[in-house]
Amino acid sequence: PFAVTLMNGLYSLFQFGLTNCKDGFASYRPTGCWWLQDGMYDTATGKLEYPLSSNLDQALSEMYLLLAPARMTPANAATIKATVTEAIAGEDYAKGMRLAQQLIVSTP
């Protein structure tokens, strides 16, 4: 249904930019998407760019405000922060921020 299509499109937008790959929102069909990995924007005609703070608490606060105003409960915020903190330990900060975006838009 519509909700699943919307979530797939948003996840693709966060991970790969504006592309048709992985059920994205773009209308064109690139030559192949099987090789794409999270954070690769090679087939994208655009991508989301917003200069987030390097402070995790501040960055998450900004994302809550932009993506889920008045919907983020303290319990959900704590769960997202714990998951993102675990994900970025030893990994790429940008990858953690993409995960945070996905979790925030998925939060009821």
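- Once rounded to the nearest 0.5 Å, the distance linking CG of Leu13 with CG of Leu48 reads 4.0 Å.
- Nearest heavy-atom pair, Ala44 versus Thr19, reported as atom, atom and distance to 0.1 Å: CA-CB, 4.2 Å.
- Among residues two or more places apart in sequence or in another chain, the side-chain contact (heavy atoms from CB on, under 4.5 Å) test is passed with Ala59 by Leu52, Tyr93, Met97.
- With hydrogens and angles disregarded, a donor-acceptor distance shorter than 3.5 Å links the side chain of Thr79 to the backbone of Ala75.
- Rounding to the nearest 0.5 Å places CG of Leu18 at 8.5 Å from OG of Ser12.
- Tested against Leu99 for a side chain to side chain contact (heavy atoms under 4.5 Å, CB included), the candidates Ile88, Asp38, Thr83 yield a single pass: Thr83.
- Every residue two or more places apart in sequence or in another chain was checked for a side chain to side chain donor-acceptor pair (under 3.5 Å) with Lys47, and none qualifies.
- Here Ile104 pairs with Met63, Tyr64, Leu67, Ala68, Met72, Ile80 under the side-chain contact (heavy atoms from CB on, under 4.5 Å) rule; sequence neighbours left out.
- We find the CG-CG distance between Leu60 and Leu103 to be 9.5 Å, quoted to the nearest 0.5 Å.
- In terms of the salt bridge (charged side-chain N to carboxylate O under 4.0 Å, His left out) criterion, Asp92 has no residue partners (sequence neighbours excluded).
- Listed by chain and residue number, Phe2, Leu10, Phe25 satisfy the side-chain contact (heavy atoms from CB on, under 4.5 Å) test with Leu6 (two or more places apart in sequence, or in another chain).
- At least one donor-acceptor pair under 3.5 Å links the side chain of Arg71 to the backbone N or O of Thr107.
- Scanning all heavy atoms of the two residues, the minimum distance from Arg98 to Gln15 falls at CD-CA, 4.1 Å.
- A search for side-chain contact (heavy atoms from CB on, under 4.5 Å) contacts involving Leu66 returns Tyr50, not counting sequence neighbours.
- Checked by atom type, the side-chain pair Ser106/Tyr11 shows a donor-acceptor distance below 3.5 Å.
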- Task: Would you sort out whether Asn8 and Thr5 count as a side chain to side chain donor-acceptor pair (under 3.5 Å), showing the intermediate values?
- Result: CA-CA 5 Å; Asn8 287 340; Thr5 302; 5.7 Å; no

